[in-house]
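Here the structure comes first, spelled out in structure tokens, and everything after it is commentary.
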Amino acid sequence: QVQLVESGGGLVQPGGSLRLSCAASGSIFRINGMGWYRQAPGKQRELVADITRSGSTNYADSVKGRFTISRDNAKNTVYLQMNTLIPEDTAVYYCNAYVLNSLYQSRDYWGQGTQVTVSS
């Protein structure tokens with residue numbers, strides 16, 4: 001099995017910043033895509049940003065110019081730098097990784113979720 005451990009969530013005022021991190025560990029041969037999703041109360045889970053192993057990125061329109069996704073392949077870690085936060089960013093944020101193990105078995109794994117609250 002693979003475990004994704006998230007950190008960095010919390011309460012922040014509008015205009016503030018947070019940096020989320022997610023480290024994967026366990027039976028890992030290679031991690032292909034990694035990403036961040038979020039789910040606000042009463043809404044569907046949505047993609048915030050994702051990144052390939054080679055560094056290609058994709059962002060939701062609502063966060064372009066404010067959020068930056070990055071990864072450190074040597075540490076099996078993905079980050080989400082969130083700047084100029086607005087109340088609409090309030091949600092539970094989930095880390096996702098598509099993992100290939102040494103037996104060439106692959107599947108998606110998810111972190112436990114971390115709460116981000118943007119409020120004055």
Side-chain angles (χ1 to χ4, degrees):
Q1 287 284 351
V2 172
Q3 184 179 27
L4 304 182
V5 179
E6 303 177 9
S7 62
L11 175 65
V12 65
Q13 294 184 348
S17 297
L18 286 173
R19 188 176 191 241
L20 306 182
S21 64
C22 171
S25 62
S27 182
I28 299 170
F29 177 72
R30 184 183 298 274
I31 301 177
N32 294 324
M34 302 188 81
W36 291 94
Y37 293 72
R38 68 186 182 187
Q39 188 166 23
K43 296 186 178 180
Q44 297 292 314
R45 184 176 298 186
E46 65 175 355
L47 175 69
V48 178
D50 59 18
I51 183 169
T52 68
R53 184 172 180 84
S54 62
S56 296
T57 59
N58 179 61
Y59 296 92
D61 288 342
S62 59
V63 307
K64 287 180 179 178
R66 299 188 297 119
F67 291 10
T68 302
I69 189 170
S70 61
R71 64 188 286 177
D72 185 334
N73 292 336
K75 297 180 179 179
N76 289 326
T77 300
V78 64
Y79 307 92
L80 186 68
Q81 179 66 47
M82 304 185 292
N83 297 327
T84 319
L85 285 159
I86 59 177
E88 289 77 11
D89 295 320
T90 297
V92 178
Y93 284 69
Y94 297 91
C95 175
N96 170 262
Y98 192 76
V99 178
L100 181 70
N101 68 18
S102 60
L103 299 178
Y104 296 95
Q105 300 168 320
S106 62
R107 61 158 287 182
D108 277 314
Y109 288 90
W110 293 88
Q112 78 284 358
T114 184
Q115 178 71 47
V116 172
T117 302
V118 184
S119 176
S120 60

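Quick caveat, the model's predicted, so the values are computed rather than measured.
A 4.5 Å side-chain heavy-atom check between I86 and P14 finds every atom pair outside the cut-off. Between L18 and L85, the closest side-chain pair of non-hydrogen atoms falls below 4.5 Å. Counting heavy atoms from C-beta on, the side chains of N96 and M34 never come closer than 4.5 Å. Using a 4.5 Å cut-off on side-chain heavy atoms (C-beta onward), N58 and I51 make no contact. With contacts defined as side-chain heavy-atom distances shorter than 4.5 Å, the pair C22/W36 qualifies. You'll find the side chain of R38 reaches within 4.5 Å of the side chain of E46, heavy atoms only.
In this view, Y109 satisfies the ring pair (Phe, Tyr, Trp, His ring centres under 6.0 Å) rule with no residue, not counting sequence neighbours.
A donor-acceptor contact shorter than 3.5 Å is absent between the side chain of R71 and the backbone of S54. Looking at E6, its side chain does come within 3.5 Å of a backbone N or O of C95 through a donor-acceptor pair. Side chain of T77 to backbone of K75: a donor-acceptor contact under 3.5 angstrom is found. Panel note: side chain S120, backbone Q13; no donor-acceptor pair is recorded below 3.5 Å. A donor-acceptor contact shorter than 3.5 Å links the side chain of R66 to the backbone of T84.
A distance of 11.5 Å separates CG of D72 from OG of S21, quoted to the nearest 0.5 Å.
Residue pairs meeting the ring-ring contact (aromatic ring centres under 6.0 Å, His included) criterion with at least one partner in residues 37-82, sequence neighbours excluded, are Y37-W110.
The cluster map of Ile, Leu, Val, Met, Phe, Trp and Tyr, joined by side-chain heavy atoms under 4.5 Å apart, puts V92 and L20 in different clusters.
Summarising the geometry of I31 relative to R53, their closest heavy-atom pair is O-NH1, 3.5 Å, with the distance given to 0.1 Å.
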